[in-house]
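Report on the structure given below.
Residues: numbered from 1 along the sequence shown.
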Amino acid sequence: ANIFLGCSLLSGPIPSDLLFYAKASTGFFGLFNGCVSLTGKIPENLFRYCPNLTTVAYAFHGCTGLTGQIPEDLLRYNNKLTSVASLFYGCSGLSGSIPVDLFRTLTQLTSLSNTFRDCPKLTGNIPTDFIRYNTLLTDASSTFYNCVGINGNIPANYFRYCTAINTVARHFQNTRVTNIPVGLFQY
C-alpha cells in the first residue's frame with residue numbers, strides 16, 4: 001500500500017508488468033496517489049496477477065498526467081475487491097467513455113465513493129448495467145462528482161440490484177445527466 005504515494009517526480013508511463021510478482025498482495029491503497037508526473041495510459045493488465053486484492057482505493061488519485069481511456073479489463077481478475085473508492089479521483093487527463101464492464105466481476109464491492117470524481121474528460125452516458133452486479137454496494141457517494149462530460153439519461157433501474165446501498169450523496173452532482181428515471185430508488 002502507498003508504494004509510490006506522493007512521488008510527484010516519478011515520471012513516464014506505468015510499466016505494464018509492474019505488479020506481475022505481487023500475486024499475494026491484498027491491497028494497493030494509494031498506489032500512485034499524487035504521482036502527478038506519471039504519463040500515458042493505465043496498463044490494461046496492471047492488476048491482472050493480483051487476484052487477492054481487496055482494495056485499490058486511491059490507487060491513481062491525483063495522477064493528472066495519465067491519459068487515454070480507462071482499460072475495460074483493468075479490474076476483471078480482482079473479484080475480491082471491496083473498495084475502489086477514489087480510484088481515479090482527480091485524473092483529469094483520462095478521457096473517453098466509462099467501460100461498460102469495469103465493475104462487472106466485482107461482486108464483493110461495497111464502496112465506489114469518489115471513483116471518478118473530478119475527471120472532466122470522461123464522456124458519454126453512464127452504462128446501463130454499470131453497477132448491476134455490485135449487490136453489496138453500500139457507498140456510492142460522489143461517484144461522478146464534477147464529471148462534466150458525463151451526459152444523457154440515468155439508466156432505468158440503475159440502483160435496482162444495490163439493495164444494501166445507504167449513501168448516494170452527490171452521486172451525479174455536476175454532471176450533464178438529463179433525466180431522473182421513475183423509480184430510481186424504488187428498490
side-chain contact (heavy atoms from CB on, under 4.5 Å) between L94 and K121, intermediate numbers included: CA-CA 6 Å; L94 292 179; K121 294 181 183 174; over 6 Å; no
Under the side-chain contact (heavy atoms from CB on, under 4.5 Å) rule, what do N78 and V56 come out as? Steps first, then yes or no, please. CA-CA 10 Å; N78 309 111; V56 290; over 6 Å; no
Walk me through it: do F103 and F130 pass the test ring-ring contact (aromatic ring centres under 6.0 Å, His included)? CA-CA 7 Å; F103 301 142; F130 187 59; 5.1 Å; yes
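Listed by chain and number, the residues in a side-chain contact (heavy atoms from CB on, under 4.5 Å) with T167 are D139, S141 (sequence neighbours excluded). The side-chain hydrogen bond (donor to acceptor under 3.5 Å, both in side chains) check on N146 picks up D118, N174, with sequence neighbours excluded. A search for side-chain hydrogen bond (donor to acceptor under 3.5 Å, both in side chains) contacts involving N114 returns R117, not counting sequence neighbours. Listed by chain and number, the residues in a salt bridge (Lys or Arg N to Asp or Glu O under 4.0 Å) with R170 amount to none (sequence neighbours excluded). For Y133, the side-chain hydrogen bond (donor to acceptor under 3.5 Å, both in side chains) criterion is met by R104, not counting sequence neighbours. Every salt bridge (Lys or Arg N to Asp or Glu O under 4.0 Å) that D73 has, sequence neighbours left out, goes to R76.
Rounding to the nearest 0.5 Å gives a distance of 8.0 Å between OH of Y89 and OH of Y145. Here the SG-CD1 distance, from C63 to I14, works out to 6.5 Å after rounding to the nearest 0.5 Å. Considering CZ of F20 and CZ of R48, their distance stands at 10.0 Å, rounded to 0.5 Å. Summarising the geometry, atom CG belonging to L136 is positioned 9.5 Å from atom SG belonging to C162; distances are rounded to the nearest 0.5 Å. Rounded to the nearest 0.5 Å, atoms SG (C50) and CG (N45) are 11.0 Å apart.
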Cut-off 3.5 Å, no hydrogens considered: what does the side-chain donor-acceptor table look like for residues 152-159, sequence neighbours left out?
residue: N153; atom: OD1; partner: T178; partner atom: OG1; Å: 3.1
residue: N157; atom: OD1; partner: Y187; partner atom: OH; Å: 2.8
residue: Y158; atom: OH; partner: H171; partner atom: NE2; Å: 3.0

Enumerate, atom names and distances included, each donor-acceptor pair closer than 3.5 Å involving a side-chain atom of residues 122-129, sequence neighbours excluded.
none

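Nearest heavy atoms, P71 versus I42: CG-O, 3.1 Å. The two residues S83 and A85 have their closest heavy-atom pair at OG-N, 3.2 Å. Closest approach of F28 to A22, counting heavy atoms only: CZ-CB, 3.9 Å. In plain terms, the two heavy atoms of P51 and K80 that are nearest each other are O-CD, 3.7 Å.
Proximity of I70 to F60: side-chain heavy atoms (C-beta onward) are nowhere separated by under 4.5 Å. Side-chain contact between S113 and S142 is absent, with no heavy-atom pair separated by less than 4.5 Å. Two residues are said to be in side-chain contact when any heavy atoms from C-beta on lie closer than 4.5 Å; L137 and L112 meet this criterion. Two residues are said to be in side-chain contact when any heavy atoms from C-beta on lie closer than 4.5 Å; P15 and P43 fail this criterion. For the pair L46/L19, a side-chain contact is recorded, criterion being any heavy-atom separation below 4.5 Å from C-beta on. Annotation: side chain of L10 is not in contact with side chain of S37 (no heavy-atom distance under 4.5 Å).
Partner of L109 under the side-chain contact (heavy atoms from CB on, under 4.5 Å) criterion, out of T135, T138, N134, I131: N134 alone.
Cluster partners of Y58, using a side-chain heavy-atom cutoff of under 4.5 Å among ILVMFWY residues and allowing indirect links, are F29.
Between the Q186 side chain and the R160 main chain, no donor and acceptor come within less than 3.5 Å of each other. Checking side-chain atoms of T143 against main-chain N and O of T115 turns up no donor-acceptor pair under 3.5 Å.
The list of side-chain hydrogen bond (donor to acceptor under 3.5 Å, both in side chains) pairs with a residue in residues 59-68, not counting sequence neighbours, reads N33-H61. Sorted by first then second residue, the side-chain hydrogen bond (donor to acceptor under 3.5 Å, both in side chains) pairs that include residues 14-28, not counting sequence neighbours, number zero. Within the structure, side-chain hydrogen bond (donor to acceptor under 3.5 Å, both in side chains) contacts touching residues 2-15 (residues at least two apart or in different chains) do not occur.
L87 and L18 fall within a single hydrophobic cluster, where Ile, Leu, Val, Met, Phe, Trp and Tyr side chains are chained together by heavy-atom contacts under 4.5 Å. A single hydrophobic cluster is seen to contain both L53 and I3, as judged by linkage of ILVMFWY side chains at heavy-atom distances under 4.5 Å, directly or through other members. Under the 4.5 Å side-chain contact rule for hydrophobic residues, F47 and L38 share a cluster. Both I150 and F172 belong to a single network of hydrophobic side chains, linked directly or stepwise wherever heavy atoms of I, L, V, M, F, W or Y lie under 4.5 Å apart. Clustering ILVMFWY residues whenever any of their side-chain heavy atoms sit less than 4.5 angstrom apart, transitively, puts I98 in the very cluster that holds V168.
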